[in-house]
Amino acid sequence: MDDNVYSSFSNKISLDDMWQLIMEIGKWDHWDFNIEYSSKDGCFSSGNGINMKNRSKILPQSGMVVFNRDDMGKKMVYLLVFPLSNLFISYYHVKLEDDVEIIVTLSMHGILSPFWYLIYGRAIAKNFPEDIKMLIDETKIRKYKSNLIDSPAI
């Protein structure tokens, strides 16, 4: 099955500020109105589970997450296991010279992947632009609030 890929750039945020927002999995529902609730199993590390309920889906989604970092970027891969199919959502955040690039890829593997794509994958991929915009906007808002708190009173 073909992968769905979406990419966006921003020069208004830093990679570290955005990654800090992503690490707060239990607070995703505070800024992403598509998420009803979110939580993580254990500490923030590779192989731990994430539980969340998307407002548009009937069933909660549970999956494993893998995190990876290097000098150029940070990556989170979210795996949802369905009967006879796996859905992978990869978020790769790349630090460029003055920008941050966010690349989101959805891929499905398995004999029933076309079926699960119709049920889940299509709606997830359709929301990539909106999801990335929310992530960038919330990172900007947090940075602005942080600067207000850190600035000296006049």
Side-chain angles (χ1 to χ4, degrees), residues 1-140:
M1 175 158 227
D2 292 338
D3 293 351
N4 288 286
V5 179
Y6 178 77
S7 177
S8 180
F9 293 88
S10 177
N11 62 359
K12 307 282 187 207
I13 60 174
S14 76
L15 181 61
D16 291 333
D17 290 340
M18 186 173 38
W19 193 248
Q20 184 62 40
L21 182 67
I22 291 167
M23 287 181 11
E24 296 175 356
I25 294 166
K27 296 182 180 179
W28 286 354
D29 59 320
H30 296 191
W31 56 269
D32 186 341
F33 62 85
N34 289 318
I35 296 176
E36 189 173 319
Y37 66 81
S38 58
S39 65
K40 62 183 175 188
D41 300 333
C43 62
F44 188 82
S45 62
S46 292
N48 285 336
I50 290 180
N51 301 300
M52 72 174 141
K53 173 129 181 13
N54 191 304
R55 293 188 192 283
S56 64
K57 299 294 177 197
I58 297 169
L59 300 173
Q61 303 166 354
S62 294
M64 286 297 235
V65 67
V66 176
F67 302 98
N68 187 16
R69 289 189 249 189
D70 59 30
D71 292 337
M72 292 301 295
K74 300 177 182 194
K75 186 174 188 175
M76 180 176 85
V77 179
Y78 186 60
L79 166 65
L80 290 168
V81 178
F82 296 106
L84 300 175
S85 184
N86 292 328
L87 180 145
F88 298 89
I89 305 170
S90 171
Y91 297 87
Y92 189 48
H93 307 86
V94 183
K95 182 178 180 178
L96 303 172
E97 208 168 293
D98 293 326
D99 296 341
V100 173
E101 181 181 15
I102 304 133
I103 304 165
V104 186
T105 306
L106 180 139
S107 60
M108 297 199 71
H109 305 278
I111 195 162
L112 288 181
S113 60
F115 170 76
W116 290 113
Y117 178 78
L118 289 174
I119 302 296
Y120 276 96
R122 183 172 46 184
I124 291 169
K126 185 181 125 206
N127 288 331
F128 282 165
E130 182 181 4
D131 291 344
I132 298 307
K133 183 181 180 323
M134 281 190 285
L135 178 65
I136 292 170
D137 289 348
E138 183 63 22
T139 303
K140 284 193 252 184

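Worth knowing before you read on, the calculation uses all heavy atoms, side chains too, and leaves out hydrogens, waters and symmetry mates. In this text the structure is predicted, and so the values were computed from the model without any measurement.
Closest approach of Ile25 to Ser38, counting heavy atoms only: O-OG, 2.5 Å. Between Asn11 and Asp98, the shortest heavy-atom distance links the atoms CB-O, 3.4 Å. Of all heavy-atom pairs spanning Leu112 and Pro83, the tightest one is CD1-O, 3.6 Å. The minimum heavy-atom distance between Ile35 and Asp29, with the atom names listed, is O-CB, 3.4 Å. The two residues Lys75 and Ser90 have their closest heavy-atom pair at CE-OG, 3.1 Å. The minimum heavy-atom distance linking Met76 with Ile22 is given by the pair SD-CG2, 4.0 Å.
Contact of the Glu138 side chain with the Leu21 side chain is registered, since non-hydrogen atoms from C-beta on lie closer than 4.5 Å.
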Practice item. Apply side chain to side chain contact (heavy atoms under 4.5 Å, CB included) to the pair Val104 and Ile132, showing each step before the final yes or no. Key: CA-CA 9 Å; Val104 186; Ile132 298 307; 3.4 Å; yes

Exercise for review: Applying side chain to side chain contact (heavy atoms under 4.5 Å, CB included), run through Met23 and Trp19 and close with a yes or a no.
Suggested key: CA-CA 6 Å; Met23 287 181 11; Trp19 193 248; 3.5 Å; yes

Review point. For Lys133 and Ile136, what are the C-alpha separation, side-chain angles and deciding distance, and is it a side chain to side chain contact (heavy atoms under 4.5 Å, CB included)?
Key: CA-CA 5 Å; Lys133 183 181 180 323; Ile136 292 170; 5.9 Å; no

Review point. Under the side chain to side chain contact (heavy atoms under 4.5 Å, CB included) criterion, do Val94 and Phe9 qualify, and how do the steps go?
Key: CA-CA 9 Å; Val94 183; Phe9 293 88; over 6 Å; no

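For the ring pair (Phe, Tyr, Trp, His ring centres under 6.0 Å) test with Phe82, the passing option among Tyr117, Phe88, Trp116, Phe115 is Trp116; the others fail.
To the nearest 0.5 angstrom, Gln20 atom CD is 10.0 Å from Ser14 atom OG. Note that the OH atom of Tyr6 and the CD atom of Glu130 stand 10.5 Å from one another [nearest 0.5 Å]. One finds the CD1 atom of Ile13 at 4.5 Å from the CE atom of Met18 (value rounded to the nearest 0.5 Å).
Side-chain contact, Ser8 with Glu101: no donor N or O sits under 3.5 Å from an acceptor N or O.
Salt bridge present: Lys74 and Asp16 bring a charged side-chain N and a carboxylate O closer than 4.0 Å.
Contacts of Asp99 classified as salt bridge (Lys or Arg N to Asp or Glu O under 4.0 Å), with partners at least two apart in sequence or in another chain: none.
Counting only distance, with no hydrogens or angles, the side chain of Thr105 and the backbone of Val5 share no donor-acceptor pair below 3.5 Å. Side-chain N or O atoms of Ser85 include one that pairs as donor or acceptor with a backbone N or O of His109 at under 3.5 Å.
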